[in-house]
Structure formats: C-alpha cells, structure tokens
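One structure below.
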Amino acid sequence: MAAEPYPHNEQAYRKAVHMMQERGDAALIHPTGTGKSLIAFRLAEEHPGQRIIWLAPSEYIFRSQKENYLAAGGDGETLSGIAFLTYAKLM
C-alpha cells in the first residue's frame, strides 16, 4: 500500500486484526474521510485468500474507492479478492 497510515488508522488496523483473530470478523465504523478505506485495503492486502465483503450505500462510492486505491499504487489482484456490495444487494 502506497499511503502511510495516520496514528488513529494504525490503531484501528491493529484492533481490526485483533478482532479477526479473536472472533473471525471485524467491522470498521469511523466517520467519513477518516481512512476506513485505507485500513480495509491494507487488511485485504495482508490477508489474501480471505473472504472480504465491502459494503457501501452506492456503487459510485466503492468504484471511486477502488480508483483511488489503484491510483495510490494499489494492486488489482487485491481488489479481485473483495466482494463489493451495496446495502440493497444484502437483501
């Protein structure tokens, strides 16, 4: 991952990894613009082969997140391991 995390993102990342080890899943709930995508893409990069579901209210949002990730030097192979879904598709 090209971007360096801020301290609050690093702390959230460590907590997410701990939750995944303890419970097998994790959720990131942070305000808009605080780096959730950075944390989630890092989790995806460091856990290839794991099942990852990425939820967003619209396809536009996750499409722009994917574009930003790739523009920052992210790997397309990481994206192929993520199921991108809108809230409506959960139904």
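We're numbering straight along the sequence, starting at 1. This structure is a prediction, so every number in the text was calculated from the model and none was measured.
For the atom pair CG (Asn68) and NZ (Lys66), the distance works out to 12.0 Å, reported to the nearest 0.5 Å. How far CG of Asn9 is from CG of Leu38: 5.5 Å, rounded to the nearest 0.5 Å. Of the inter-residue distances, the one linking Gln50 atom CD with Asp25 atom CG reads 12.0 Å to the nearest 0.5 angstrom. The distance from the CG atom of Leu55 to the CZ atom of Phe84 is 10.5 Å, given to the nearest 0.5 Å. Interatomic distance, OG of Ser37 versus CZ of Phe62, reported as 12.0 Å (0.5 Å rounding).
Judged purely by atom type and a 3.5 angstrom limit, Tyr69 uses its side chain to pair as donor or acceptor with the backbone of Asp75. A donor-acceptor pair is defined here as one N or O able to donate and one able to accept, closer than 3.5 Å; such a pair exists between the side chain of Lys36 and the backbone of Pro31. The main-chain N or O of His30 is never found under 3.5 Å from a side-chain atom of Thr34 such that the two would form a donor-acceptor pair. Remark: the backbone N or O of Leu43 is paired with a side-chain donor or acceptor of His47 at under 3.5 angstrom.
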*Apply side-chain contact (heavy atoms from CB on, under 4.5 Å) to Ile82 and Phe41, showing your working.*
CA-CA 9 Å; Ile82 301 172; Phe41 283 128; 4.2 Å; yes
*asked:* Assess the residue pair Glu59 and Lys89 against the criterion (side-chain contact (heavy atoms from CB on, under 4.5 Å)); give the C-alpha distance rounded to whole Å, side-chain angles, the decisive distance to 0.1 Å, and a yes or no.
replied: CA-CA 11 Å; Glu59 290 185 20; Lys89 288 191 178 174; 3.4 Å; yes
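Ion pair Glu22/Lys15 not flagged as a salt bridge, since none of the NZ, NE, NH1 or NH2 atoms sits closer than 4.0 Å to an Asp/Glu carboxylate oxygen.
Residues Ile52 and Met20 do not share a hydrophobic cluster, clusters being chains of Ile/Leu/Val/Met/Phe/Trp/Tyr side chains in contact below 4.5 Å.
There is no side-chain donor-acceptor pair under 3.5 Å between Glu45 and Thr78.
Under the 4.5 Å side-chain criterion, counting only non-hydrogen atoms from C-beta, Met19 is not in contact with Val17.
The two atoms that bring Ile61 and Ala56 nearest to each other are CG2-CB, 4.1 Å, heavy atoms only. Between Leu28 and Ala16, the shortest heavy-atom distance links the atoms CD2-CB, 4.0 Å.
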